[in-house]
Amino acid sequence: MSQFDYETWAAGILSRKNRDHILGWKADALAELARSALPIRSALEIGCAEGHVIHFIKEKLGIETCYGADIADGFLAEARRLYPHITFL
């Protein structure tokens, strides 16, 4: 499998503003579902890309320990830069 090119993706069709809006909506929907479940102490997002969704989930639900995982090193590097309070694998 070839490594995903983060720079090419980041310069893609969606602007950062539109991307953040879409991801924020996704995080809101997931947070609403999670509120009706058992208390959440930690969370893991697989395929986290830049980490926006796991960050929004962490903030909205007040989860202390969060992890993000992705196969693309470029995404993980950007996620670590943007959200140093989350562990990216």
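Listed by chain and number, the residues in a side chain to side chain contact (heavy atoms under 4.5 Å, CB included) with Glu59 are His55, His85 (sequence neighbours excluded). For Leu44, the side chain to side chain contact (heavy atoms under 4.5 Å, CB included) partners at least two apart in sequence or on another chain are Ile46, Tyr67, Ala69. Not counting sequence neighbours, the partners of Arg81 by the side chain to side chain donor-acceptor pair (under 3.5 Å) test are Glu78.
Minimum interatomic distance between Phe88 and Cys48 (heavy atoms only, all atoms of both residues): CD2-SG, 3.8 Å. Heavy atoms only, all atoms of each residue included: Ser42 and Ile63 are closest at CA-CG2, 3.6 Å. Leu61 and Ile40 make their closest contact through CD1-CD1, 4.0 Å (heavy atoms, listed as atom of the first residue, atom of the second, distance). Between Lys58 and Ile86 the shortest heavy-atom distance is CD-CG1, 3.8 Å.
In this structure a side-chain-to-backbone donor-acceptor pair under 3.5 Å is present from Asp70 to Ala49.
Taking CG of Leu89 as the start and CG of Leu76 as the end, the distance is 8.0 Å to the nearest 0.5 Å.
With contacts defined as side-chain heavy-atom distances shorter than 4.5 Å, the pair Glu45/Ile57 does not qualify.
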